[in-house]
Amino acid sequence: MPQVTLTVNGKTNTVEVEGRTLLVELLREKLRLTGTHVGCDTSQCGACVVHVDGESVKACTILALQANGSQVTTIEGLAKPDGTLHPMQEAFREYHALQCGFCTPGMVMSAIDLVQKHPDGLSEKEIREGLEGNLCRCTGYHNIVKAIAAAQDVMHGRAQTLAPAAE
Amino acid sequence: MYDFEYHKPGSLADAVKLLSADPDSKPISGGQTLLPALKHRLNKPTSVIDLSGIAELKGVRREGDKLVIGALAKHVEVATSPEVKAAIPALAQMASTIGDTQVRNRGTIGGSVANNDPAADYPSAVLGLNATIVTDKRRIAADDFFQGMFTTALEPGELLVAIEFPVPEKAGYAKMRNPASRYVMAGAFVAKTGGGVRVAINGAGPGVFRQAEMEKALAANWSPDAVAGVKQSADGLNSDIHGSAEYRAHLVTVMAKRAVAAAG
C-alpha cells in the first residue's frame with residue numbers, strides 16, 4: 001500500500017493509505033483526529049475544512065496522497081498545549097457562535113484563513129461572503145459573523161482582549 | 001469511490017507516458033470536479049495521475065500582448081495575480097467568483113477548461129477572449145476547442161499545458177448564479193480586441209457558445225444599450241428545475257448588458 005508522510009499539528013506521521021483514501025479519512029480514521037467533521041461529503045458544507053500548507057481546503061475533496069509532504073492544521077491544533085484557546089475559538093465561545101457545533105470546526109478553520117488573508121480587516125459583508133463555503137443550519141450565521149469580527153481585532157493585534165458580547 | 005493506483009510524475013513527458021500507457025487512467029490537478037465524480041462512481045479509473053508536481057504546467061506570465069496561464073494555476077492565483085489584474089481584470093474578477101474560497105484554493109484553470117462543464121466560468125473567458133489552448137502536442141483555437149457538454153478537442157491522453165489569452169482593450173463578465181447551488185444559470189463574457197468584438201455565453205446552453213448578433217451590435221456600438229435589444233433564442237438552451245430555456249434566454253441578454261457595463 002502507498003504511504004503518506006505529512007505533518008499534522010506539528011507532529012509528523014507516516015501512514016499507509018489506499019489511492020482513494022481522502023485526507024479527511026486519514027485524519028479521522030487513521031490519526032483519530034475526529035474534530036474535523038464530514039457533513040455532506042460533496043465539498044459543499046465545509047465541516048471538513050482544514051489548513052494544508054496554510055490554505056483552507058475541504059478535506060473531503062483532496063486525496064490523502066495529494067497532501068503528501070504537507071503541513072496540515074486541524075481544529076485540534078489551534079489551542080495552546082496549556083489549553084488556552086485560539087482567539088477565534090475564544091470568540092466563538094464568547095459570542096455563542098454555535099448551537100449543535102457540527103459545523104464549528106470547519107467554520108473556525110475557514111474563519112482563521114479568511115482573517116489571515118485580510119490584515120486590513122473585514123467588513124460584515126466581507127465576512128459573510130468569505131463564509132460562502134461553510135454551511136450552518138442552526139444559528140443563522142449572525143453570531144458566527146460577530147465572533148469573526150471580534151476575533152480579527154485580537155488576531156491582528158488591534159485589541160489585547162476579545163470585546164465582550166452584548167448581554 | 002472505487003480504488004485506483006496513484007502516480008505523481010515529475011515531468012510532462014512522464015505524465016503523458018503514464019496516461020498513454022493506460023487508457024483507463026485519469027489526470028488530476030485540484031480534483032474539485034474529479035473527486036466528487038469519483039465519489040458518485042461516475043468514473044472508474046484504474047490509475048489517477050497527479051499533475052501537481054509538474055513545473056511545465058505552472059506559472060502566470062505576460063508575454064508581449066499575451067497573458068499565458070499555466071494549466072495548474074489555481075483559481076485563487078488567477079484571482080490575485082498582479083499580472084492578471086493588470087492585463088485582464090475581468091479574468092481575475094471571474095476567478096474570484098468561482099465556487100468558494102476552499103474550492104478556489106484547490107481548483108485549477110486547466111482542470112476547469114479541460115472538463116468543460118456547461119456551468120463552468122472559465123470556458124466563456126477562453127472563448128470570449130479568443131484564447132489559444134496549448135497542449136503537449138499542439139495549439140488549439142478556442143473556437144475549435146469547446147465541443148459541447150463536457151466535450152473538448154482534447155484527445156485521450158492529451159494534456160492541457162497552458163492557455164494563452166490575447167490581452168483585450170476591454171473585457172467584462174457577468175453571471176446569474178443559482179441561488180442555492182451557486183452554479184451559473186447564464187453568464188456572458190464580452191471582449192473588445194484589436195481583432196474585433198466577441199461575446200461568449202456560458203451556463204445557458206449545453207456548452208459555451210458565441211452570440212454573433214450581440215458581437216455585431218457591440219462592434220457597431222460598444223454600450224450596454226446595444227445588446228439590450230438583441231434577443232437570444234431559447235432553442236437548444238438548457239431547461240431544468242432551475243429555470244426554463246426561455247428564462248435562460250432572457251438572462252443571456254441581461255448578463256450581456258451587465259458584462260458590457262462592467263467592461264466600461
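Residue numbers start from 1 in every chain, and the chains themselves are labelled A, B, ... in the order their sequence lines are given, proteins ahead of strands.
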- Identify which part of Leu131(A) has an atom lying under 4.5 Å from any heavy atom of chain B, answering side chain, backbone, both or neither. neither

- Message: Looking at Glu25(A) and Lys39(B), is there a salt bridge between them, counting it only when a charged N and a carboxylate O are closer than 4.0 Å?
- Response: no

- Could you look at Val49(A) and say if it's the side chain, the backbone, both or neither that has a heavy atom under 4.5 Å from chain B? side chain

- Message: As an exercise: rank Gln44(A), Lys117(A), Lys58(A), Glu129(A) by heavy-atom pairs under 4.5 Å with chain B and give me the winner.
- Response: Lys58(A)

- Taking atom CZ of Arg158(A) as the centre, does the number of heavy atoms from other residues, nucleotides or ligands within less than 6.0 Å exceed 12? yes

- Item | Heavy-atom proximity to chain A below 4.5 Å, by part of Ser29(B) | backbone

- Note on the structure: Okay, Glu5(B) and chain A: the region with an atom under 4.5 Å from a heavy atom over there is neither

- Message: Under 4.5 Å from any heavy atom of chain A, what part of Asp3(B) do you find: side chain, backbone, both or neither?
- Response: both

- What distance do Gln102(B) atom CD and Ser110(A) atom OG have between them, rounded to the nearest 0.5 Å? 4.0 Å

- Looking at Val57(A), Leu65(A), Leu114(A), which has the largest count of heavy-atom pairs under 4.5 Å with chain B? Leu65(A)

- Message: Is it the case that over 12 heavy atoms from other parts of the model lie below 6.0 angstrom from the NZ atom of Lys17(B)?
- Response: no

- Query: Any idea which heavy atoms bring Leu63(A) and Tyr6(B) closest together, and the distance?
  - Reply: CD1-CD1, 4.2 Å

- Item | Nearest non-hydrogen partners of Glu132(A) and Gly99(B), listed with the distance | OE1-O, 3.6 Å

- Query: Gly31(B) and Thr61(A): which non-hydrogen atoms are nearest, and at how many Å?
  - Reply: O-CG2, 3.7 Å

- Query: Taking atom CZ of Arg106(B) and atom OG of Ser56(A), what is their separation to the nearest 0.5 Å?
  - Reply: 11.5 Å

- Item | More than 12 heavy atoms of other groups within 6.0 Å of Tyr141(A) OH | yes

- Does CZ in Arg258(B) sit with more than 12 non-hydrogen atoms of other residues, nucleotides or ligands closer than 6.0 Å? no

- Message: Taking atom CZ as the centre, does Arg93(A) end up with more than 12 heavy-atom neighbours from other residues, nucleotides or ligands that are less than 6.0 angstrom away?
- Response: no

- Query: Is Asp100(B) reaching over with its side chain to a backbone N or O of Asn134(A), donor-acceptor style, under 3.5 angstrom?
  - Reply: no

- Measure distances from Ile28(B) to the heavy atoms of chain A and classify the residue's part below 4.5 Å as side chain, backbone, both or neither. side chain

- Message: Just verifying a value: how many Å separate Asn105(B) CG and Ile62(A) CD1, rounded to the nearest 0.5 Å?
- Response: 10.5 Å

- Message: Are more than 12 heavy atoms, taken from residues, nucleotides or ligands other than His86(A), located less than 6.0 Å from that residue's NE2 atom?
- Response: yes

- Spacing of Met1(B) atom CE and Asp41(A) atom CG [to the nearest 0.5 Å]: 8.0 Å

- Item | Residue pair Gln66(A) / Leu35(B), side-chain heavy-atom distance below 4.5 Å | yes

